[in-house]
Structure formats: structure tokens, C-alpha cells
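Some notes on the structure that comes next.
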Amino acid sequence: AVSSLESRRINTSYGCTFYPWVRIRDDISNASLWVPPSVIAIGKTRNGAIVQDDDVLGAINFVGDDGNDLDRSGAEIRAAVDGTPGADDMPGRLEFRTTADGSAVSTTRMSILSDGKCGIGESLTPTTLLHIQRTSTTGYSTTNTTNDTTFLMINSGAAGHATMQFQVLSGGTANTGQATISAFPSSASSKDTTLSFGTRQNSDATNNERMRITHEGRVAIATTAPKT
């Protein structure tokens, strides 16, 4: 295992006479590797053979003294093979892991696959660009909105709008706010919340509200003042 990191000034070809390098020494192989601190490569081989799918290529572990030793990781960033490698072909994924309270091992919480898809929670093999998944046994509650059935929370703070914007390409250029879903209170001190849906047509300079659902459950289409 790597046992020591030492700073040293040696001649380099980085355009200056001296540059602070870092020596990484492995006690098992007794080998030393000198690298500039901003250029560190971590690699793996199967004793000269090609690596396989799911092989861990390298990891950065964050450890702390638990009062007994420094052997347990609190968090970890891991790189692994994500597919079938070949000559000049090394598909990889990144795994972000944390250790739960009371546990001695870390668990993958987020993964980024070789094709750029990102999975969060229990979706570690995402099929879309962003996939969030969690298995919940808690039933839907109209009063408890922060239990484990909640996946995403958007909070504007103060009395502002909490808005989701959907953008599409028009002539190859992304236009901001093609469609929106917004939630907002009736006033700064009120918990009365309205949900608004807006779209934009080609002649509009901005989004226009098309429908709203008031805190009373009334639905208004093409107006902001629904009648009883």
C-alpha cells in the first residue's frame, strides 16, 4: 500500500528549472513513482493481460481516524471498466460512494456510465441521461412531503417562484423557457401555493401562462382568475 507522500524539487521539462513533484511509494513492490501534483494517473493490469468489464481501475478514498485505525473509508470515488475493452478502447465509468452511519463499507450512490448516462440512488445502470430511482415502502402522504417518497425538491426561498424550465432546439439554437412549470405563494407570508403552467409560441417574446391550479384546487385555463 502507498505509505508516504513526499514533496521534492527536481529538474523537469515543464519550462522551469524546478517544479514541486510528488513521490508515491508502494511498500509491497518497493517501487517509487514521481509525478507532478496536478498530473496523476492511476492504472491497472491483470499481470500483463487485458482488463475486464467491472474491473476497478483506480480509486480515491477519503478516510478518517475512527479511534481505532485509518482503515475505513468515509467516501470514495472509483473508476471501473464499463464494457469490453480492446486496443485503444477503454470504456469506463465513475462511481461516487459514501458510507452510511453505522456501516464499515461504502455504497455506490451515483454512477456515470461510459455513454454519459448518470444514475442516482438505486439506479446504477441508468437508461436515460439522468435516472433517479429509490425503492420506497412508504405510502403517499398529503401532509408529509419530506419522507422517502420525495425524489426531488425545488426550493426558491423567500416569496419567489420555484420554476422548472424546458428548453428545445429551434434552428439549432437553444431558446430559454420554451415551457415552464412554476409554484409560488400568494404572498410572502402565505402558505397558499399556486401551480402554473406556461408555454411559448413562435410570436411570443416570453412564456405565457396557459393554466393554473390554485391552492383551493380550482383550475383556470387561459385565465389567472378561476371562478368557483
Side-chain angles (χ1 to χ4, degrees), residues 42 44 50-62 73-86 88-100 103 105-142 144-157 160-184 193-202 204 206-213 219:
I42 303 174
K44 176 184 175 64
I50 189 171
V51 293
Q52 303 297 312
D53 187 26
D54 293 329
D55 276 357
V56 176
L57 300 176
I60 301 175
N61 277 281
F62 302 87
S73 170
E76 181 183 359
I77 301 175
R78 181 182 293 182
V81 180
D82 191 44
T84 303
D88 298 324
D89 178 18
M90 187 55 61
R93 69 174 179 270
L94 282 177
E95 300 173 356
F96 296 83
R97 304 166 66 92
T98 61
T99 303
S103 177
V105 294
S106 62
T107 301
T108 302
R109 310 298 186 182
M110 182 176 75
S111 60
I112 303 176
L113 304 188
S114 59
D115 58 4
K117 294 184 176 70
C118 179
I120 300 176
E122 295 177 359
S123 176
L124 304 180
T125 55
T127 57
T128 58
L129 190 60
L130 177 61
H131 190 163
I132 303 174
Q133 179 175 319
R134 181 177 184 180
T135 300
S136 174
T137 58
T138 304
Y140 170 73
S141 171
T142 58
N144 187 355
T145 58
T146 59
N147 59 32
D148 63 357
T149 61
T150 300
F151 279 69
L152 177 66
M153 182 176 292
I154 302 175
N155 192 336
S156 66
H161 289 216
T163 300
M164 294 178 60
Q165 288 195 1
F166 302 87
Q167 297 184 14
V168 296
L169 289 176
S170 177
T173 302
N175 292 307
T176 302
Q178 294 291 326
T180 58
I181 301 176
S182 299
F184 54 90
T193 306
T194 294
L195 194 62
S196 170
F197 299 82
T199 61
R200 173 182 173 183
Q201 62 183 11
N202 190 54
D204 293 337
T206 59
N207 285 327
N208 288 305
E209 184 177 324
R210 310 299 184 184
M211 183 178 77
R212 82 167 42 184
I213 304 174
V219 178

*After noting the C-alpha distance and the side-chain angles of His131 and Thr125, does the key distance pass the side-chain contact (heavy atoms from CB on, under 4.5 Å) rule?*
CA-CA 9 Å; His131 190 163; Thr125 55; over 6 Å; no
*asked:* Let's go through Val105 and Thr99 carefully: what are the C-alpha distance in whole Å and the side-chain angles of both, what is the deciding distance for side-chain contact (heavy atoms from CB on, under 4.5 Å) to 0.1 Å, and is it a yes or a no?
replied: CA-CA 6 Å; Val105 294; Thr99 303; 6.0 Å; no
_Under the criterion side-chain contact (heavy atoms from CB on, under 4.5 Å), I'd like the reasoning laid out for Glu95 against Leu113: C-alpha separation, chi angles, the key distance, then a yes or no._
CA-CA 9 Å; Glu95 300 173 356; Leu113 304 188; over 6 Å; no
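Contact between Pro91 and Pro85 at its shortest, heavy atoms only, is CD-CA, 3.9 Å. Summarising the geometry of Thr128 relative to Leu130, their closest heavy-atom pair is OG1-O, 3.0 Å, with the distance given to 0.1 Å. Closest of all the heavy-atom pairs between Ser106 and Arg97 is O-NH2, 2.7 Å. Ala79 and Leu94 get closest at one heavy-atom pair: CB-CD2, 4.1 Å. Of all heavy-atom pairs spanning Asp53 and Gly83, the tightest one is OD1-N, 2.8 Å.
By the side chain to side chain donor-acceptor pair (under 3.5 Å) test, Arg210 is found to be paired with Thr199, Asp204, residues two or more places apart in sequence or in another chain being considered.
For the pair Thr108 (side chain) and Met110 (backbone), a donor-acceptor distance under 3.5 Å is absent. Panel note: side chain Asp82, backbone Arg93; no donor-acceptor pair is recorded below 3.5 Å. Judged purely by atom type and a 3.5 angstrom limit, Gln52 uses its side chain to pair as donor or acceptor with the backbone of Ile50.
Distance check, rounded to the nearest 0.5 Å: CD1 of Ile120 to CD1 of Ile132 gives 4.5 Å. Distance check, rounded to the nearest 0.5 Å: CD1 of Ile77 to OG1 of Thr98 gives 11.5 Å.
A donor atom on one side chain and an acceptor atom on the other are found under 3.5 Å apart for Ser196 and Glu209. Judged purely by distance below 3.5 Å, without hydrogens or angles, the side chains of Gln165 and Thr180 never pair a donor atom with an acceptor atom.
Side-chain atoms of Ser111 and Pro126, non-hydrogen and from C-beta on, do get closer than 4.5 Å to each other. In this structure, the side chains of Val81 and Leu57 come closer than 4.5 Å at one or more pairs of heavy atoms. Residues Met90 and Val51 meet the side-chain proximity criterion, which asks for heavy atoms closer than 4.5 Å. Side-chain contact between Phe184 and Arg212: present, with at least one pair of heavy atoms (C-beta onward) separated by less than 4.5 Å.
Contacts classified as salt bridge (charged side-chain N to carboxylate O under 4.0 Å, His left out) and involving residues 107-116 (residues at least two apart or in different chains) are given here: Asp115-Lys117.
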